[in-house]
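Below is one structure; the comments refer to it alone.
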Amino acid sequence: MTIHAVGTPAADQPLGPMQITRRDTGPHDVRIEIAFCGICHSDLHQARSEWAGTLYPCVPGHEIVGRVTAVGAHVTSHKPGDLVGVGCIVDSCQHCADCEDGLENYCDGMIGTYNGPTEDTPGHTLGGYSQAIVVHERYVLKITHPEDQLAAVAPLLCAGITTYSPLRHWGAGPGKKVGVVGIGGLGHMGVKLAHAMGAHVVAFTTSPDKREAAKALGADEVVISKDADEMWAHAQSFDFILNTVAAPHDLDAFLALLKRDGTMALVGAPATPHPSPNVFNFIMRRRSLAGSMIGGIPETQEMLDFCARHGITADIEMIRADQIEEAYERMLGGDVKYRFVMDIATMA
Ligand SMILES: [Zn+2]
Ligand SMILES: [Zn+2]
């Protein structure tokens, strides 16, 4: 079936309208009419081939929400009419140790929602800036938020799970002091989630004008990371720091804030490496520096259910399909609070 999409034929071309096809609904497939798709920084990097290996035509988008319109004969977990979501993963090998553990995000055979290998036309996956998608039922998530929140649920499928998974893994909760570095698309979710988990949350930002906004998101304290005195006041006090900043920066300044046995996890992917941290910052207090990439399918469902229970969505600004290039430029300038979401109905 041919549908409308927004994508680009080459790295140096702007995104614009195009037609794509979706496969027929197979026995284990769910067909979804997409209502909204969040705009992630990864979309921009992929569309412009700033990471190696973008395949064209490129249709980005992996924060997908919509309604089921058809299911295959063997599908048991979803039915037509259901509100559902699709995140960064549309397939995996389904039998390795990672898949068995529900950590499909770490499977060597993980297939991304866009730019991944597939037998479908045109030979690589095409993402959610499109009217419909067909996905194996295993990778389709149930949405239990009220329907009028659907657009603001979309960013949970990448920004939400990318921050929820490390917060859970490293035990954010009551009695824990948790830092969130960078208050953007990822960081604003990190603050909301850590707060709802019951942690004492400290937001780190370079912009003094974000202080009140970070508190409104749920931060108990806000530290201007360029202010050495403010930073020093928190030395050796954190159980965990979630660092969402993708730009290369001084990791030592944050490692020094961890308690003995504390961990800082990086979730931003810098185009050029961070300056090497000082080994003494690890050995003196048995600290760890770690990383984390999105989350598995069961954990993504757990995150959506947690957010529905706690009334958590992303703070979004809606755009029309023809505003995508403008949205990318504003994202590059940090001018969005905190996530753009495309209204797919404006595509027809
Ligand atoms: Zn993303
Ligand atoms: Zn696997």
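When reading the values below, keep in mind they use all heavy atoms of this one structure, side chains included, and skip hydrogens, waters and symmetry mates. Counting starts at 1 for both ligands and their atoms, following the listed order.
- A salt bridge between Glu326 and Arg320 is absent, with no side-chain N of the basic residue lying under 4.0 Å from a carboxylate O of the acidic one.
- The stretch residues 173-194 participates, sequence neighbours left out, in these salt bridge (Lys or Arg N to Asp or Glu O under 4.0 Å) pairs: Lys192-Asp315.
- Ring geometry, Phe306 versus His310: the interplanar angle falls from 30° to 60°, so the pair is classed tilted.
- Listed by chain and residue number, the protein N/O/S atoms under 2.8 Å of the Zn ion (ligand 1) are Cys40 SG, His62 NE2, Cys158 SG, with waters left out.
- No cation-pi contact links Arg48 to Tyr328, judged by a cut-off of 6.0 Å to the six-membered ring centre and 45° from its axis.
- Between the CZ atom of Phe204 and the CD atom of Glu230 there is a distance of 9.5 Å, given to the nearest 0.5 Å.
- For the residue pair Gln94 and Asp91, the shortest heavy atom distance occurs at NE2-OD1, 3.4 Å.
- The main-chain N or O of Gly116 is found under 3.5 Å from a side-chain atom of Thr125 such that the two form a donor-acceptor pair.
- For the 3.5 Å distance criterion, the side chains of Ser130 and Arg22 qualify, holding a donor opposite an acceptor.
- The salt bridge (Lys or Arg N to Asp or Glu O under 4.0 Å) contacts involving residues 255-267 comprise Asp239-Lys259, Asp261-Arg286, where partners must be two or more places apart or lie in separate chains.
- Closer than 2.8 Å to the Zn ion (ligand 2) sit the protein N, O or S atoms Cys93 SG, Cys96 SG, Cys99 SG, Cys107 SG.
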